[in-house]
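I have placed the structure first, in the form of C-alpha cells, so that the comments after it can refer back to it.
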Amino acid sequence: MRHRMRGRRLGRNSSHRRAMARNLVSALFRHGRIETTEPKAKEYKPMAEKLITLGKEKTLHRMRRAHQVLGDKDAVQTLFDDIGPGFRDRPGGYTRIVKLATPRLGDKGRRVFLELVNFVPKRAEGGAEPAATAGEED
C-alpha cells in the first residue's frame, strides 16, 4: 500500500531530489523559462509558486526563508528584486507548464517548458527588427 506517500521519486535518492529541486527552481528564476520533463515540472511547480509568494514582500525573514530553500544568493536576489514585485497584484498562478510536441531523443521522455506567466522570449540574434508602429517617429 502507498498510504501517505507524497511526491515523486524521479529515479533519485532524497538528497539528489533536493539538490535537483534547488537547481531547477533557481534556473527558473534566473532565466524565466526552463525545459525539463513533465514529471519534474509537475513536482517542482508548487515549490516555485510558494517562493514567488514569499518574494512579493521584501523582508529579512522572507529573504532568509527563500535562501534556506534555494541556497543561491543570486536567485534569491532576482526573486525579491524582479519576480516578486512583478506579481504583487496577482493572487496566484505564477507559473505555467507548456507541453512540447517532440519527446526527448534519448528516452522519449515528455518535454515541457516550465515558465513564469509574464515571461517574454527574447528574439534570436540577427532576427528581423519589429516593425515600427504607425505614428512613431525618430
Side-chain angles (χ1 to χ4, degrees):
M1 288 187 241
R2 63 168 309 280
H3 297 304
R4 298 176 60 124
M5 299 291 286
R6 249 183 69 213
R8 295 170 175 85
R9 289 190 184 174
L10 301 171
R12 292 157 173 85
N13 61 27
S14 60
S15 61
H16 192 168
R17 282 193 303 272
R18 193 174 313 113
M20 183 173 58
R22 288 177 170 188
N23 289 334
L24 281 174
V25 175
S26 294
L28 175 66
F29 293 159
R30 235 180 278 115
H31 302 290
R33 173 165 79 176
I34 56 172
E35 181 182 319
T36 184
T37 60
E38 191 173 18
K40 287 181 199 171
K42 286 182 176 181
E43 184 68 20
Y44 299 123
K45 180 180 176 179
M47 181 180 174
E49 300 263 346
K50 288 171 188 167
L51 285 167
I52 292 171
T53 301
L54 272 181
K56 285 179 163 185
E57 187 179 331
K58 189 173 183 176
T59 63
L60 181 61
H61 178 64
R62 287 177 176 228
M63 288 186 73
R64 285 180 174 168
R65 283 180 58 195
H67 188 270
Q68 184 179 15
V69 173
L70 288 178
D72 182 3
K73 288 182 181 181
D74 295 332
V76 171
Q77 199 67 36
T78 303
L79 173 65
F80 282 92
D81 291 343
D82 303 330
I83 298 170
F87 288 118
R88 189 172 303 274
D89 297 330
R90 191 178 180 99
Y94 314 114
T95 59
R96 73 168 66 101
I97 295 175
V98 179
K99 295 179 181 179
L100 296 175
T102 57
R104 197 163 51 190
L105 285 178
D107 60 356
K108 301 293 183 193
R110 181 69 192 225
R111 295 183 314 148
V112 297
F113 280 135
L114 177 61
E115 65 184 13
L116 301 172
V117 293
N118 61 1
F119 175 74
V120 178
K122 296 178 182 166
R123 295 194 91 108
E125 293 294 324
E129 293 285 326
T133 59
E136 183 180 320
E137 296 183 24
D138 290 293

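No experiment lies behind these values; they were computed from the predicted model shown.
Between the side chain of Arg88 and the backbone N or O of Lys56, at least one donor-acceptor pair lies under 3.5 Å. Counting only distance, with no hydrogens or angles, the side chain of Arg62 and the backbone of Gly55 share no donor-acceptor pair below 3.5 Å. At least one donor-acceptor pair closer than 3.5 Å links the side chain of Glu43 to the backbone N or O of Arg8. Put simply, the side chain of Arg9 never gets that close to the backbone of Gly11: no donor and acceptor are under 3.5 Å apart. At distances below 3.5 Å, not a single donor-acceptor pair connects side-chain atoms of Arg104 with backbone N or O atoms of Arg111.
The closest side-chain heavy-atom distance from His61 to Arg65 is below 4.5 Å. Looking at heavy atoms from C-beta onward, Tyr44 lies out of side-chain contact with Thr36 at the 4.5 angstrom threshold. Looking at heavy atoms from C-beta onward, Thr53 lies in side-chain contact with Tyr94 at the 4.5 angstrom threshold. Using a 4.5 Å heavy-atom cutoff, the side chains of Phe29 and Asp72 are not in contact. Contact annotation: the side chain of Ile52 approaches that of Thr95 to within less than 4.5 Å [non-hydrogen atoms, C-beta and beyond].
We find the CZ-CZ distance between Arg12 and Arg18 to be 14.5 Å, quoted to the nearest 0.5 Å. With values rounded to the nearest 0.5 angstrom, Arg17 atom CZ is found 13.5 Å from Leu24 atom CG. Atom CZ of Arg110 is separated from atom NZ of Lys40 by 15.5 Å, given to the nearest 0.5 angstrom. Considering CG of Leu79 and CG of Leu28, their distance stands at 10.0 Å, rounded to 0.5 Å. Between atom NZ of residue Lys58 and atom CZ of residue Phe80 there is a gap of 8.5 Å, rounded to the nearest 0.5 Å. Atom CE of Met47 and atom CZ of Arg22 lie 7.5 Å apart (nearest 0.5 Å).
In terms of hydrophobic clustering, with Ile, Leu, Val, Met, Phe, Trp and Tyr side chains grouped at heavy-atom distances under 4.5 Å, Ile97 and Leu100 are assigned to different clusters. Met63 is connected to Val25 through a chain of hydrophobic side-chain contacts under 4.5 Å among Ile, Leu, Val, Met, Phe, Trp and Tyr, so both are in one cluster. Linking Ile, Leu, Val, Met, Phe, Trp and Tyr residues whenever their side-chain heavy atoms come within less than 4.5 Å places Met20 and Val112 in a single cluster. Leu114 and Leu10 fall within a single hydrophobic cluster, where Ile, Leu, Val, Met, Phe, Trp and Tyr side chains are chained together by heavy-atom contacts under 4.5 Å. Side-chain heavy atoms closer than 4.5 Å link hydrophobic residues (I, L, V, M, F, W, Y) into clusters, and following such links, possibly through other members, connects Leu51 to Val117.
Counting non-hydrogen atoms of neighbouring residues, nucleotides and ligands closer than 6.0 angstrom, the NZ atom of Lys50 reaches no more than 12 such neighbours.
Judged by distance alone, the side chains of Arg30 and Thr78 never bring a donor and an acceptor atom under 3.5 Å apart.
By the side-chain hydrogen bond (donor to acceptor under 3.5 Å, both in side chains) test, Lys73 is found to be paired with no residue, residues two or more places apart in sequence or in another chain being considered.
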